[in-house]
4 protein chains.
Amino acid sequence: MTAIEPSRRGRPRSQRTHEAILEATRSLLLEKGYPALTIDAVAARAGTARTTVYRRWATKGALVLEATAEHLAIGIVPDAGSTRTDLGVALRQLTATFSDRLAAIVMLAVIANLDEDPFMARTFRSEIVYPWRTSAAAALERGVARGDLPPDADIPFLLDVIVGTVFQRAVINAQSETDGLDEAILDLVLAR
Amino acid sequence: MTAIEPSRRGRPRSQRTHEAILEATRSLLLEKGYPALTIDAVAARAGTARTTVYRRWATKGALVLEATAEHLAIGIVPDAGSTRTDLGVALRQLTATFSDRLAAIVMLAVIANLDEDPFMARTFRSEIVYPWRTSAAAALERGVARGDLPPDADIPFLLDVIVGTVFQRAVINAQSETDGLDEAILDLVLAR
Amino acid sequence: MTAIEPSRRGRPRSQRTHEAILEATRSLLLEKGYPALTIDAVAARAGTARTTVYRRWATKGALVLEATAEHLAIGIVPDAGSTRTDLGVALRQLTATFSDRLAAIVMLAVIANLDEDPFMARTFRSEIVYPWRTSAAAALERGVARGDLPPDADIPFLLDVIVGTVFQRAVINAQSETDGLDEAILDLVLAR
Amino acid sequence: MTAIEPSRRGRPRSQRTHEAILEATRSLLLEKGYPALTIDAVAARAGTARTTVYRRWATKGALVLEATAEHLAIGIVPDAGSTRTDLGVALRQLTATFSDRLAAIVMLAVIANLDEDPFMARTFRSEIVYPWRTSAAAALERGVARGDLPPDADIPFLLDVIVGTVFQRAVINAQSETDGLDEAILDLVLAR
DNA sequence: ACTTAAGCGAGACGGTACGTCTCGTCTTAAC
DNA sequence: GTTAAGACGAGACGTACCGTCTCGCTTAAGT
C-alpha cells in the first residue's frame with residue numbers, strides 16, 4: 001500500500017482530513033501537473049497542516065498514487081469464451097484508463113521518475129500493471145489454445161504492441177478520440 | 001534552436017566553456033536524472049559561473065536538448081527500393097536511439113513536462129520526431145504503392161504501433177536486449 | 001517595533017538564534033560598515049540559515065536597528081531643578097551615544113538611506129530622536145520660565161545647535177575626546 | 001582630482017561622452033540616491049558602454065564627486081572688513097550648498113562611506129571642506145583681533161557649531177526654508 | 001597616405017548577494 | 001498520539017551588478 005499505517009493508540013486520524021488531502025492532490029495535479037505539485041500547496045488547499053500530510057504519506061509519489069487509485073485502476077481481463085471479445089474488453093480498459101487525464105499525468109510521472117522514486121514505480125507495477133498484464137497474457141494464451149493465434153505467438157511481445165500503441169496514441173499524442181483504435185489493434189494482433 | 005543566440009558583437013563566447021557545460025549536463029543527467037538536475041550543479045561541474053549557463057540557455061529543457069542532441073538524433077528513413085529494407089532501417093534507428101540511456105531520460109522528461117515546458121516538447125517534436133515520422137510515412141506509402149501493404153493501410157496507426165512498441169520495450173520496460181524485436185515488428189506490420 | 005512579530009502558535013522561535021543573529025550583525029557592522037553588511041554574512045556568522053533571518057526581519061534596516069537598540073538609546077532628559085544641570089545631562093547623553101562607534105555607524109546609515117529605507121528613518125526618529133528631543137525641549141522651556149534663557153528663545157533652533165554640534169564633533173569629525181565640549185555648548189546656549 | 005588621467009596618444013576621449021556620463025550620474029543620483037546608483041544604469045542612460053565609465057573613473061565615489069563638483073563647491077570666505085559681514089557670507093555659502101539636494105545626497109554618501117570609500121572622504125575633505133574651513137577660521141581670527149569675539153574664543157569649536165547647526169537643519173531635518181537661520185547663528189556666535 | 005595606439009561599444013565572464021520557494025524535520029500547545 | 005501552526009537548516013531558483021576581459025571598429029596624431 002501507499003499510506004503510512006496509523007498507530008492504534010491515541011487520537012485517531014480524521015477521515016475527513018484524509019479525503020480532503022486526496023481531493024486537493026487530484027485538483028492540483030490537474031491544474032499544475034506532477035512536477036509542480038508541492039506538498040505545501042496540497043496542505044494549503046486541503047486546509048490542513050503540512051505535517052499532517054507528511055505523517056500519512058512518506059513521499060509525494062505515495063500520496064499521488066493513493067489519490068488517483070481509482071483513476072489508475074485498469075481492472076482484469078475477463079474470461080468470456082471468445083478471444084476477440086476478451087481482448088476487446090482488455091483494449092477498452094486500456095484506452096479508458098490511458099485517456100483519463102489524471103491517470104495519464106500519473107503514469108508519465110511514474111516513468112519519468114523511475115530512478116528518482118523507485119517506490120512509486122514498484123507500487124504502480126505491482127498494483128496496476130501486473131494484474132492486468134497477467135490476465136491479458138492468460139487471455140492471449142487461451143487464444144493460442146483455441147487457434148485464434150499461432151502456436152508460436154510471442155505473448156509478451158504482443159502485450160507490448162497493445163500497451164505501447166495505446167500509450168502512444170492516448171498519452172503521448174494525447175489524442176482524445178480513440179475511435180477505431182481498439183478494432184485496428186485487434187485486427188493487427190489477431191490477423192491470421 | 002535551443003540555445004540563446006549569441007551576438008556577433010562584443011567578446012565572443014568561449015567554446016571550451018560551452019562544451020564543458022554540455023558535458024557536465026550529460027554526466028549529471030546520467031547520474032541524477034532530469035528532475036534532479038540543477039543549474040547550480042551543472043555550473044559547478046563545468047567550472048563556470050551559474051550566470052554563464054543562464055546567459056546561454058533560457059531553460060533547463062533547452063540546455064538538456066542541446067547537450068543530448070546527438071543522442072536523440074534518430075535520422076531519416078532512406079529510400080532503398082525495398083519496403084522491408086527501408087522499414088528495417090527505420091526500426092534499427094528507433095531501437096538504437098530509444099536504447100540510449102541519455103536519450104531515454106530526455107524523452108521521458110519531454111513527455112513528463114509537456115505542460116510545464118512546452119518549448120521543450122515543441123522543439124523535440126519539430127527537430128527529432130517530425131523528420132523521422134515524415135520519412136517513415138513516406139516509406140510506408142511506397143510500400144502501399146508496391147503492394148507490400150494493403151491499399152487501405154492506416155499509416156499513422158502503423159507508425160504509432162511501431163513507435164509505441166519500441167518505446168514500450170526499450171524505454172518503459174528498459175529492456176536492453178532488443179534482439180528480434182525489429183523482425184517481429186516487421187512481420188507484424190508487413191504480414192499479408 | 002523592528003522585528004516581524006512572531007505568532008503565538010506553532011513552534012516558538014529560538015531565543016539563542018535570535019541573539020546570535022543580533023550579535024553577528026553587530027560584529028559585522030563594526031568590521032564592514034552598514035553598506036557592506038549582507039544578510040548572507042550575518043546568517044553565516046550566526047550559524048543559522050539565511051531564511052531564518054528573513055523570517056524575523058523584513059529589511060536590513062530593521063535588523064540593524066534591533067541589533068543596536070541599546071547602543072542607540074539616548075534616554076530622556078530629567079527634570080532635576082536646574083537648567084544647567086538638566087542640559088548638562090542632556091549633553092552627556094548625546095555625546096555618549098554619538099561617540100559609540102556602533103551608534104555612529106547606524107545613525108549615518110539612517111540618514112544616508114532616508115529615501116532608500118524610509119521605515120528605518122521613521123523608526124529611528126520615533127523611537128530614539130523624538131523622546132529625547134521632546135524632553136530636551138521641555139528642559140529648555142523650564143529654563144525660559146526660570147529666566148535662564150531669554151523669553152523669546154527659539155527652542156527648536158537651540159536644539160539643532162546642540163545636536164548639530166555634537167553630531168559634527170563626535171560623528172563627522174570622529175573626535176573621540178569630547179572633553180570640554182559639553183561645557184562649551186552649555187556656555188554658548190545659556191550665555192546671557 | 002577624481003578622474004583617471006587619459007593617455008596622450010591614440011584616440012582622444014570624447015568630451016560629449018564625458019558630459020553625458022556626468023549628467024546621467026546627476027539625474028540618477030536625484031532619482032535613486034547614492035546607494036542605489038549603479039554604473040550599469042549610468043552607462044545605459046548616458047548611451048555609452050560600461051567599460052567607458054570604468055576607464056575614466058576608478059570608483060563610484062570618484063564619478064559622483066566629479067559629477068557634482070559644482071553643486072558641492074562652497075567657496076572661500078572673503079575678507080571684506082567686517083566680522084559680521086564675512087561670517088554672514090560664510091553662512092550663506094553653507095546654507096546654499098547644504099540646501100542643494102544633489103549636494104546633500106553626496107555629502108551624506110561621503111560620511112556614510114567614510115570607511116568603505118576613504119578616497120571619497122579624503123577628496124571631499126581636501127577639495128571642499130578644507131579651503132572653506134581655513135578661510136572661515138581666518139575670518140573668525142580677524143574677529144578676535146577686532147574684538148568682535150573674545151580673545152580666548154575656541155575657533156574650531158565655533159566652526160563646528162556653525163557647520164553642525166546648518167548641516168542639522170538643511171540636511172538632516174531637510175528643512176528647505178532656512179530663513180533667519182543665518183542671523184540666528186550669527187547672533188549666537190557673535191553674542192557679547 | 002599609412003601606421004599605430006588608444007578610445008569605444010558590446011558583451012562574455014566568474015562572482016556575490018539578493019529575496020523567494022519548497023523541502024522534510026522539529027517543536028510547541030490544544031485537543 | 002494526532003493535529004494545526006509555524007520555526008528551522010538547507011539548497012536551488014532566476015536576477016541584478018560587480019569589475020575584468022576580449023573582441024572589432026573608429027578616430028586622430030605622428031610619420
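Protein chains get the first letters and strands the later ones, always in sequence-line order, with residue 1 at the start of each.
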Give the B/S/- string for nucleotides 7-12 of chain E, one per nucleotide from 5' to 3', where a protein heavy atom under 4.0 Å of the base yields B, of only the sugar-phosphate yields S, and otherwise -.
-> BBBBBB
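- Rounded to the nearest 0.5 Å, atoms CZ (A:R101) and CG (A:L29) are 10.0 Å apart.
- Between D:I39 and B:T38, the residue anchored nearer the 5' end of DNA chain F, judged by the nucleotide with its closest heavy atom, is B:T38.
- Atom CD1 of B:I4 is separated from atom P of F:dG14 by 12 Å (rounded to the nearest Å).
- Rounded to an integer number of Å, the gap from CZ of B:R45 to C1' of F:dA12 is 17 Å.
- Checked by atom type, the side-chain pair D:H18/D:R13 shows no donor-acceptor distance below 3.5 Å.
- Distance CG (B:L28) to C1' (F:dA12): 14 Å, rounded to an integer number of Å.
- We find that CG of A:L63 is positioned 11 Å from P of E:dG24, with the value rounded to whole Å.
- The nearest whole Å value for the distance from the CG atom in A:D117 to the P atom in E:dG24 is 10 Å.
- Residue A:D40 contributes atom CG, which lies 13 Å from atom C1' of E:dT25 at whole-angstrom precision.
- Straight-line distance from the CZ atom of C:R16 to the C1' atom of F:dC8: 14 Å, rounded to whole Å.
- Across all their heavy atoms, D:Y34 and D:D117 have their closest contact at OH-OD2, 4.3 Å.
- Summary of the strand contacts: A:Y54 and B:H18 both lie near DNA chain E, and taking for each the nucleotide with the nearest heavy atom, the more 5' one is attributed to B:H18.
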After noting the C-alpha distance and the side-chain angles of D:R26 and D:E19, does the key distance pass the salt bridge (Lys or Arg N to Asp or Glu O under 4.0 Å) rule?
-> CA-CA 11 Å; D:R26 283 187 291 268; D:E19 194 41 56; 2.9 Å; yes
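- Of the listed residues (D:I111, D:V106, D:T59), just one forms a side chain to side chain contact (heavy atoms under 4.5 Å, CB included) with D:M120, and that residue is D:V106.
- Under the 4.5 Å side-chain criterion, counting only non-hydrogen atoms from C-beta, C:D40 is in contact with C:R50.
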